[in-house]
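Some notes on the structure that comes next.
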Number of protein chains: 2
Amino acid sequence: MPNITFLPQNITVEAQINAPLLEAARLAGVSVETPCGGKGVCRKCLVRILTGKVDVKSGSYTYRDAKENQVLICQSNVSDEDVTVEILSGLYGEEGKFDDVSDISSNLNKIAVNPIVKQTRLTVPQPAPLDGLSDFDRLKKAVKTNIAEKFSDIKIPLSVLSQLPIKLRKNNGAVKIFYYFDCGVLNIVSITETENTDMYGIAVDVGTTTITLWLVDIITGEIKSRKTDYNAQIECGLDVITRINYAQKNLNELRERVLITINDLIKIAAEENNIDYNKIYCASLAGNTVMIHLLLGICPEYIRLDPYTPAVFRPPLFSAHDIGIVINPDAPVKTAPSVGSYVGGDITVGALCTPLSGGENESELMLFLDVGTNGEILLGNNEFILGCACSAGPAFEGGGIEFGMRASKGAIDSFEICENGEKNEINIRTIDKEPPFGICGSGIITVVGEMFKHKIIDAAGRFTDKMPDRIKKDKKPYKFYITDEITISEADIDNLIRAKGAMFSACRTLLKNMGLTFGDVDKIYIAGGFGKYLNIEDAKAIGLLPNIPEDRIIYLGNTSILGAYQTLLSEENEKKVQEIADRITYIDLSNEAGYMDEYLAALFIPHTDSSLFE
Amino acid sequence: MPNITFLPQNITVEAQINAPLLEAARLAGVSVETPCGGKGVCRKCLVRILTGKVDVKSGSYTYRDAKENQVLICQSNVSDEDVTVEILSGLYGEEGKFDDVSDISSNLNKIAVNPIVKQTRLTVPQPAPLDGLSDFDRLKKAVKTNIAEKFSDIKIPLSVLSQLPIKLRKNNGAVKIFYYFDCGVLNIVSITETENTDMYGIAVDVGTTTITLWLVDIITGEIKSRKTDYNAQIECGLDVITRINYAQKNLNELRERVLITINDLIKIAAEENNIDYNKIYCASLAGNTVMIHLLLGICPEYIRLDPYTPAVFRPPLFSAHDIGIVINPDAPVKTAPSVGSYVGGDITVGALCTPLSGGENESELMLFLDVGTNGEILLGNNEFILGCACSAGPAFEGGGIEFGMRASKGAIDSFEICENGEKNEINIRTIDKEPPFGICGSGIITVVGEMFKHKIIDAAGRFTDKMPDRIKKDKKPYKFYITDEITISEADIDNLIRAKGAMFSACRTLLKNMGLTFGDVDKIYIAGGFGKYLNIEDAKAIGLLPNIPEDRIIYLGNTSILGAYQTLLSEENEKKVQEIADRITYIDLSNEAGYMDEYLAALFIPHTDSSLFE
């Protein structure tokens with residue numbers, strides 16, 4: 001039997017001739033992601049054959065694949081030769097290219113930093129003979145004397161109590177305590193006898209496709225690290241419905257997968273900054289309802305079953321240890337409130353970046369679109385808020401697109417066609433000017449928008465006869481070559497159309513519900529993991545956004561992480577989010593009679609009713 | 001190199017000729033207890049040589065050893081032969097013989113069963129479309145409606161929340177919730193959708209030498225199982241001071257060892273009764289201050305350093321999971337309050353069995369002696385309580401005595417010398433009439449008492465010339481043969497004298513402190529793990545108890561487990577214990593000028609001042 005060696009793990013296994021290469025990888029314990037289920041569609045399982053050869057299903061490789069000796073592992077079988085396989089791409093192939101590049105400076109509420117965890121310096125008197133006071137008794141006395149807030153009792157974790165005798169005697173009783181209030185009780189997180197006052201926290205956007213984590217100095221508000229990676233759950237399904245199905249038998253696996261992603265990001269961020277995990281004293285999580293259920297290990301089954309009732313909208317505070325997040329084990333973890341099965345904490349905290357958080361524009365009528373795999377929309381002002389969600393699929397995050405990728409280094413995020421008489425030229429720009437590696441969500445919008453404006457595709461998203469030198473029609477799906485190696489196919493364009501159609505029709509349905517049109521809307525705020533830029537003109541060209549003046553459309557970036565950051569830093573913001581959540585009326589689109597018609601009408605570029613885009 | 005095979009583990013290792021056999025055992029990962037530190041004194045490391053031979057230090061084996069092919073592993077070296085060693089005795093050799101045989105019926109407070117964890121049946125309405133209420137929201141509403149007590153908030157463990165959606169839908173929302181109050185918050189421990197109302201709890205006496213655990217039906221109060229085993233910490237030292245020393249480098253090991261003992265006892269008790277661990281909803285622990293520190297993993301160092309201040313006298317409620325006790329992970333664990341470095345929760349809960357808990361005799365002046373490795377004494381009535389502790393050593397629990405054992409099956413607990421003219425006959429009785437296996441604490445008292453009364457030993461505990469056929473004086477320590485195999489040596493008697501001397505002199509010192517004598521005492525209550533009986537006459541004969549009329553001396557049995565049981569079953573008892581703890585004035589004997597003189601004077605049988613025993 002031929003030997004199959006996997007690199008960089010350097011694990012060799014024997015495999016039967018004709019056995020699937022994927023099987024050999026599993027045997028070797030080498031993780032290869034196949035989000036499409038091994039159908040050869042998602043191209044996330046690309047590997048490089050360094051020596052030997054494998055049998056590849058015909059038609060499953062591209063020009064670039066052939067040139068670089070790459071194959072899709074899911075489309076390859078073991079031949080009679082020994083083979084060395086380099087695991088390279090897959091979703092994690094982009095590792096390290098994931099630094100968050102969004103610009104946040106302009107989109108933050110002005111915050112007075114006031115995190116849930118506080119610190120106080122106090123001096124606990126040294127023990128006196130036979131005074132009947134234990135170390136804990138003297139600590140409690142000192143806390144009661146030094147902390148002004150009212151509390152009914154003091155709780156101390158066993159891990160802190162166990163070290164208390166040493167801490168209280170090291171510095172003549174001078175200690176610093178870190179604590180928070182919950183249910184009227186003062187909870188001690190940590191006690192140190194050093195002068196060190198560092199306090200860190202993490203804000204996490206728990207997305208269906210990607211997870212973004214910020215490591216934050218919660219005294220100054222400074223963001224020490226921004227890290228993003230794909231949610232390791234995507235191997236188990238691309239959208240929330242598939243995840244709920246998967247959870248029926250494998251809830252714990254899903255929980256562990258998302259924890260692995262989060263904890264890996266924490267590890268990288270903490271090590272980069274040389275920060276002790278135990279000094280990360282709190283966490284603020286934002287995610288859609290399903291993702292939060294999965295992270296907490298809560299059965300999500302009934303979210304998708306009539307009457308679509310989640311186990312919890314507002315999870316109480318849990319400790320990091322309870323949840324399985326590797327920071328200070330007794331750190332409180334707050335989770336942004338959800339308001340519906342699919343309108344989650346990602347959008348309630350996101351609303352902090354809009355006039356819904358108060359201020360001078362609070363009376364303006366506003367649409368707030370969080371564009372992601374699970375699209376969420378708020379419509380309202382200081383008088384009312386409606387909220388709904390739609391399933392857009394992962395196209396906006398680079399998922400389900402052959403060369404799709406996250407908004408990170410090397411992603412094409414700008415694309416321009418210059419009609420030069422007979423010859424059309426293409427200008428592209430990539431994030432950080434790295435060599436092009438794929439196309440991010442905003443890139444896909446701009447590519448399709450430009451192609452439509454230049455009539456390279458028609459309203460149905462099919463290639464016309466323009467720029468034929470760039471288009472390969474030898475087999476379906478037909479492909480357009482952006483560079484020699486990177487293509488966009490009609491199948492990719494279909495995915496984008498469905499995604500933008502879902503978002504646009506959801507907005508229309510919400511507006512109709514209130515007897516309004518896009519014309520009545522003062523401002524549209526767009527959120528999503530698009531990176532620094534979103535080409536508004538192209539977003540309008542493809543029909544993702546309505547044709548309203550560009551100055552009324554504001555791109556905010558990833559508001560889920562921005563909101564999680566703001567609630568991490570400030571209890572006042574936390575309260576605001578709870579108020580916003582209280583005010584939202586949840587509209588279930590699947591119960592809205594007109595939604596399906598709206599959706600079907602939106603499956604054209606820009607729309608069946610082109611008068612909407614005049 | 002010869003092969004050494006250890007049974008029942010069936011692990012074989014190679015060993016050098018002349019290497020200590022103990023080393024081979026450690027190499028094999030086979031645990032052998034050597035509480036005396038390998039000095040050949042404690043005889044706890046007895047093993048049987050099944051095949052081959054080992055070199056044994058001369059004089060380290062007894063007649064019985066030779067007959068049964070037994071050796072002390074610590075006194076044996078590898079010879080040039082392969083050997084099969086059966087690990088048999090050691091402390092765990094008595095396993096299974098450890099069922100608690102004490103009689104409790106008469107020593108309990110009349111209790112109205114009212115444990116900390118309550119249960120309530122309630123019906124949570126099924127989810128309604130778009131009512132904005134999650135499962136947790138509806139549960140909270142139902143709890144608030146159904147439970148009369150006031151509480152500021154409801155806390156739910158993640159493990160319960162994660163199963164909530166399923167539980168609430170199984171039986172049309174009819175569930176049973178198990179909860180307790182802490183700091184004004186209602187804490188949910190468990191939710192079931194079944195009609196099953198079983199509730200269990202455990203009471204644990206965490207002793208320095210032995211651990212006793214009762215598995216209790218907390219609805220009826222019925223004791224389902226009583227289990228006792230040696231505390232696995234004794235491998236690390238026999239008394240609390242040695243343990244504190246050992247904890248300097250190995251605190252976590254000590255914590256794990258006591259948890260292993262407790263969790264093993266729980267396992268045996270739960271399996272015997274076919275009880276699901278998750279239905280054990282609460283625990284009540286009693287132990288001396290050091291043992292509780294070690295169990296909680298709290299640094300005990302400062303308990304033995306001036307000014308002798310423990311980390312905690314009254315540990316707050318922790319969850320079983322926090323502590324590491326394997327019952328329902330969210331079960332609250334209460335720990336009996338300590339009042340001094342060496343006056344612990346074992347005696348404060350034990351006082352529940354005395355008039356200190358109230359009632360018609362509360363004004364009687366009472367001495368309460370908890371006789372154990374750490375001896376604890378209370379003196380008082382409804383007007384005052386003094387408390388002190390002394391280090392008696394493990395003799396009363398069978399430790400440090402060659403044939404010492406726990407009060408369990410096969411232990412000699414009664415011993416009588418019948419002078420028959422020339423010939424003296426010995427009558428013994430064993431617990432459960434099993435063949436004699438060793439001598440328990442009450443047995444040692446009675447053996448020494450009888451020997452003194454019949455002048456076989458003198459006031460210094462040395463053998464006289466009576467019954468020479470029973471006494472072997474060929475080498476020190478001289479031994480008296482109780483049976484052909486079981487002996488008591490002058491060294492054993494010395495240990496007992498030191499133990500009783502410590503207790504007696506501590507009582508005298510407490511009395512003196514109040515200007516009192518034994519004659520002023522109305523009642524003496526004795527507690528300890530002696531089993532069903534304590535021969536009061538013999539206890540007086542050796543000078544453990546003063547010579548006051550026998551009807552004023554009451555033997556209570558193991559009051560630590562009795563008290564833990566009573567606080568497990570009743571919050572009222574819990575309150576009483578806290579009140580008793582509040583009332584105790586702690587006397588530190590090491591600060592009492594007269595104590596050392598008293599102690600030295602008590603190192604005779606019955607006492608230097610024999611007028612005390614007239």
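Order of the sequence lines sets the chain letters (A, B, ...), proteins ahead of strands, with each chain counted from 1.
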Pairs of heavy atoms under 4.5 Å with chain B: top-ranked of [options]:
{"options": "A:S341, A:P129, A:P157, A:S159", "value": "A:P129"}
{"options": "A:D131, A:I156, A:L158", "value": "A:L158"}
{"options": "A:K155, A:R138, A:Q126, A:R169", "value": "A:R169"}
{"options": "A:L161, A:D137, A:L164", "value": "A:L161"}

Over all heavy atoms of both residues, which pair between B:P307 and A:P127 is shortest? Give the atoms and the distance, please.
CG-O, 3.6 Å
Pick one of side chain, backbone, both or neither for [X], based on which atoms fall under 4.5 Å of a heavy atom in chain B.
{"X": "A:I587", "result": "neither"}
{"X": "A:D182", "result": "side chain"}
{"X": "A:F318", "result": "side chain"}

Most heavy-atom pairs under 4.5 angstrom with chain A, which of B:T585, B:V185, B:I166?
B:I166
Counting only non-hydrogen atoms closer than 4.5 Å, does B:I323 touch chain A with its backbone (N, CA, C, O), its side chain (CB onward), both, or neither?
both
May I ask you to list the residues in residues 309-316 of chain B that approach chain A closer than 4.5 angstrom, counting heavy atoms only, ordered by number?
B:T309, B:P310, B:A311, B:V312, B:F313, B:P316
Can you check whether anything in residues 283-306 of chain A gets within less than 4.5 Å of chain B, heavy-atom wise, and list it by number?
A:L296, A:G297, A:I298, A:C299, A:Y302
Residue by residue, which of residues 327-340 of chain A have a heavy atom closer than 4.5 Å to a heavy atom belonging to chain B?
none
Working to the nearest 0.5 Å, report the span between OG of B:S162 and CG of A:L251.
7.5 Å
Restricting to ring pair (Phe, Tyr, Trp, His ring centres under 6.0 Å), what partner residues turn up for B:Y342, sequence neighbours left out?
none
